[in-house]
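Sequential numbering from 1 along the given sequence is applied to the chain's residues. Fair warning: this is a prediction, and the values are worked out from it, not measured in the lab.
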Amino acid sequence: MIYVLLGTGFEEIEALTPVDLLRRAGYEVRTVGLNGKVIVGSHKIGVEADIRLDELDPADAEMMVLPGGLGGVASIRGCQKALDAVKYVYEHDKFVAAICAGPTVLADLGITDGKQATCYPGCETGMGNAHMVEQTAVVRDGKVITGTSAGCATKFALALIDALGGEEAARKIQEQIVIR
């Protein structure tokens, strides 16, 4: 199971692009509402989450995805149960992925310490002891995948597919959506 955390103020593109492309690739994905079932993103788009946070079982996770959006990131940061779930997934050698300001949550948890990572330009000061890679859309270091911004959401989503199913699976989706 792939879980995508949705807190009030999440960045819609950074959440829904991975959900869409992962589902196209055949993965079971569940959006998780931190503040109930309908979560309003940073651009006032309401999204009905598949499940509420209290229904999430991190033991079932193959991957946990954290979209950015300052409000969404603040929502995750302010929710101990969400933080515990992210840490559990990482500690059980599953993938954790975050984009934009989301990687700063991974840094808060010590997940990016000593790892190569990227984040939204200007958020680097919140990345703790990560080895920052600039001018790149996505960085994968083992089971940790980080992305830069909404403009990189498709590359981020394809990197998630590559991590789970390999380069061929990602290429197949890239061809399907006709990336030029």
Side-chain angles (χ1 to χ4, degrees), residues 1-19 21-22 27 29 31-32 34 42 53 56 58-167 170:
M1 178 70 65
I2 300 164
Y3 292 112
V4 179
L5 299 181
L6 303 180
T8 301
F10 72 94
E11 173 56 58
E12 293 92 342
I13 291 173
E14 296 166 359
L16 298 179
T17 299
V19 169
L21 296 187
L22 285 161
Y27 293 99
V29 181
T31 55
V32 181
L34 270 58
S42 61
L53 181 60
L56 181 146
D60 291 339
E62 188 174 358
M63 177 183 281
M64 183 81 69
V65 181
L66 287 69
L70 293 178
V73 169
S75 294
I76 294 169
R77 246 192 205 104
C79 181
Q80 191 59 51
K81 185 169 181 168
L83 295 172
D84 291 344
V86 173
K87 193 159 184 133
Y88 179 93
V89 169
Y90 176 71
E91 288 174 348
H92 285 81
D93 202 32
K94 304 300 180 182
F95 288 101
V96 292
I99 186 169
C100 195
T104 63
V105 174
L106 302 183
D108 291 348
L109 296 171
I111 292 171
T112 57
D113 285 354
K115 296 197 175 295
Q116 291 189 349
T118 191
C119 65
Y120 188 80
C123 290
E124 296 89 352
T125 58
M127 290 300 296
N129 294 316
H131 300 295
M132 298 306 296
V133 180
E134 296 179 18
Q135 304 298 320
T136 190
V138 181
V139 174
R140 177 176 172 197
D141 190 333
K143 297 280 185 164
V144 179
I145 304 164
T146 53
T148 302
S149 64
C152 302
T154 300
K155 287 183 179 182
F156 178 70
L158 290 169
L160 303 183
I161 295 166
D162 185 335
L164 292 164
E167 190 176 316

Got more than 12 heavy atoms from elsewhere within 6.0 Å of CD1, I13? no
Got a sec, which pairs hit side chain to side chain donor-acceptor pair (under 3.5 Å) with one end in residues 84-102, sequence neighbours left out? Q80-D84
Distance check, rounded to the nearest 0.5 Å: I76 atom CD1 versus L83 atom CG? 8.0 Å
Quick check: do T136 and Q116 have side-chain heavy atoms less than 4.5 Å from each other? no
Please determine whether the number of non-hydrogen atoms from other residues, nucleotides or ligands lying under 6.0 Å from atom CG of L109 exceeds 12. yes
Looking at every heavy atom in both P103 and T112, which two are closest together, and how far apart are they? O-CG2, 4.4 Å
Hey, what do you get for CG (L106) to SG (C119), rounding to the nearest 0.5 Å? 10.5 Å
The reported gap from CG in L66 to OG in S75 (rounded to nearest 0.5 angstrom) is 11.5 Å
Which distance, rounded to the nearest 0.5 Å, do you find between the CD1 of I99 and the OG1 of T146? 9.0 Å
Using atom types as modelled and distance alone, determine if a side-chain donor or acceptor of E124 lies under 3.5 Å from a backbone N or O of G122. yes
Can you name the closest pair of heavy atoms from L53 and C79 and give their distance? CD2-SG, 3.2 Å
Over all heavy atoms of both residues, which pair between A157 and L21 is shortest? Give the atoms and the distance, please. CB-CD1, 3.6 Å
Report the residues that fulfil side-chain hydrogen bond (donor to acceptor under 3.5 Å, both in side chains) with T17, sequence neighbours left out, ordered by chain and then residue number. none
Keeping the roles fixed (side chain from E11, backbone from G68), state whether a donor-acceptor pair exists under 3.5 Å. no
Give me the atom names and distance for the closest heavy-atom approach of A101 to L70. CB-CD2, 4.0 Å
Hey, could you give me each pair passing ring-ring contact (aromatic ring centres under 6.0 Å, His included) that has a residue in residues 115-159? Not counting sequence neighbours. none
Check whether any side-chain heavy atom of V86 sits under 4.5 Å from a side-chain heavy atom of V105, and report yes or no. no
Taken in chain and number order and not counting sequence neighbours, the residues that satisfy side-chain hydrogen bond (donor to acceptor under 3.5 Å, both in side chains) with T118 are T148
Rounded to the nearest 0.5 Å, the CG atom of D60 sits from the CD1 atom of I2 at a distance of 12.5 Å
Within a strict 4.5 Å, meaning less than it, do heavy atoms of the L5 and L34 side chains meet? yes
If you measure from CE on M1 to CE on M63, what distance do you get to the nearest 0.5 Å? 13.5 Å
Taking all heavy atoms of L160 and all of A97, pick out the closest pair and write down the distance. CD2-CB, 3.4 Å
Would you name the heavy atoms of P67 and L6 that are closest together and state the gap between them? CG-CD2, 4.4 Å
Restricting to pairs with a member in residues 138-161, which pass salt bridge (charged side-chain N to carboxylate O under 4.0 Å, His left out), not counting sequence neighbours? none
If a pair satisfies salt bridge (charged side-chain N to carboxylate O under 4.0 Å, His left out) and one of its residues is in residues 108-121, list it, with sequence neighbours excluded. R77-D108
